[in-house]
Novice: 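Following this message is one structure expressed as structure tokens.
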Amino acid sequence: MTGRVDFYIADGARAAERGNGARTEVLACRLAEKAWRLGHRVYVHTNGEEESRRLDQLLWTFSQGSFVPHRCLGAGHRDSVDGDPVAIGHAEPQGEGGREVLINLQDAAAGWFGRFERIAEVVGEGEAHKARARERYKNYKNDGVEVVVHNL
């Protein structure tokens with residue numbers, strides 16, 4: 001059962017410098033690295049196969065000297081998440097992976113979010129992204145989940 005959801009809102013000026021997608025993807029990599037270093041198993045939920053592949057590559061390069069052991073799940077997610085500390089995909093993960101942290105890059109809440117102890121919602125810049133994030137915020141609150149907002 002989910003105990004806490006953290007919303008991470010990208011700063012407008014920095015998002016404009018790098019492009020909105022790049023900013024949220026780098027933020028997702030930092031969150032994945034931090035959770036992994038704290039001993040958590042992580043699933044990064046992307047918007048599709050292309051974004052999954054970009055994150056797969058970015059986890060090798062987003063920070064000089066960092067190493068985040070991870071695996072990008074294949075099309076159709078027939079791969080199990082049981083194994084690698086960080087898994088990346090765009091559908092519900094299969095297996096009994098015991099993942100504690102979900103990093104959500106999609107504009108909709110995963111219907112299966114309750115499988116995770118903690119959720120990090122990465123909110124892109126722009127009013128449309130923020131409006132959908134506000135809806136997710138309300139839904140989590142209505143479900144009785146503790147919600148914390150971080151303006152970065």
Novice: Testing the 3.5 Å rule here: is there a donor-acceptor pair between the side chains of His129 and Asp107?
Specialist: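 Present: a donor and an acceptor within the cut-off.
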Novice: Would a distance-only check, ignoring hydrogens and angles, find a side-chain to backbone donor-acceptor pair under 3.5 Å from Asn104 to Ala108?
Specialist: yes
Novice: Measure up the Trp60 and His70 rings against each other and bin them: parallel (under 30°), tilted (30 to 60°), perpendicular (over 60°).
Specialist: tilted
Novice: Between the side chains of Glu146 and Arg118, is the shortest nitrogen-to-carboxylate-oxygen separation below 4.0 Å, so that they form an ion pair?
Specialist: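 No.
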Novice: Do the rings of Phe116 and Tyr43 sit parallel, tilted or perpendicular, given the 30° and 60° boundaries?
Specialist: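 Because their plane-to-plane angle is under 30°, the rings of Phe116 and Tyr43 count as parallel.
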Novice: How many angstroms lie between CD in Glu92 and NE2 in His45, if you round to the nearest 0.5 Å?
Specialist: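 Answer for the CD-NE2 pair, Glu92 versus His45, is 8.5 Å.
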Novice: For the CG atom of Leu55 and the OG1 atom of Thr24, what is their distance to the nearest 0.5 Å?
Specialist: 8.0 Å
Novice: For Glu50, look at atom CD and say whether over 12 heavy atoms of other residues, nucleotides or ligands are found less than 6.0 Å away.
Specialist: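 No, the 6.0 Å shell around CD holds no more than 12 heavy atoms from other groups.
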Novice: Measure the CD-CZ distance between Glu49 and Arg53 for me, rounded to the nearest 0.5 Å.
Specialist: 4.5 Å
Novice: Between the side chain of Thr46 and the main-chain N/O of Gly48, is any donor-acceptor distance below 3.5 Å?
Specialist: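 Confirmed, Thr46 side chain pairs with Gly48 backbone.
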Novice: Given 3.5 Å as the limit, does a donor-acceptor pair link the side chain of Ser52 with the main chain of Leu73, or not?
Specialist: no
Novice: Using 0.5 Å steps for rounding, measure from the NZ atom of Lys34 to the CD1 atom of Ile103.
Specialist: 11.0 Å
Novice: Output the distance between atom CD (Glu51) and atom CG (Leu58), rounded to the nearest 0.5 Å.
Specialist: 10.5 Å
Novice: Check this for me: does any side-chain nitrogen of one of Arg54 and Glu25 sit under 4.0 Å from a carboxylate oxygen of the other?
Specialist: yes
Novice: Is the side chain of Arg115 donor-acceptor paired with the backbone N or O of Pro93 at a distance under 3.5 Å, no angle test?
Specialist: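 The answer is yes, because a donor-acceptor pair under 3.5 Å joins these two groups.
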Novice: On a heavy-atom basis, which atom in Ala120 and which in Leu31 lie closest, and how many Å separate them?
Specialist: CB-CD1, 4.1 Å
Novice: Do the side chains of Glu125 and Lys130 get close enough for a salt bridge, i.e. N-O under 4.0 angstrom?
Specialist: yes
Novice: Identify the two heavy atoms, one from Phe7 and one from Ala133, that lie closest to each other, and give their separation to 0.1 Å.
Specialist: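 Phe7 and Ala133 have their closest heavy atoms at CE2-O, 3.5 Å.
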Novice: To the closest 0.5 Å, what do you measure between CG (Asp143) and CZ (Phe113)?
Specialist: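 The CZ atom of Phe113 is 4.5 Å from CG of Asp143, to the nearest 0.5 Å.
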Novice: Kindly give the heavy-atom pair with the smallest separation between Phe62 and Arg30, and that separation in Å.
Specialist: CE1-CG, 3.8 Å
Novice: Tell me whether Lys138 is salt-bridged to Glu135, with the criterion being a basic N under 4.0 Å from an acidic carboxylate O.
Specialist: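 Between Glu135 and Lys138 there is a salt bridge, with a charged N closer than 4.0 Å to a carboxylate O.
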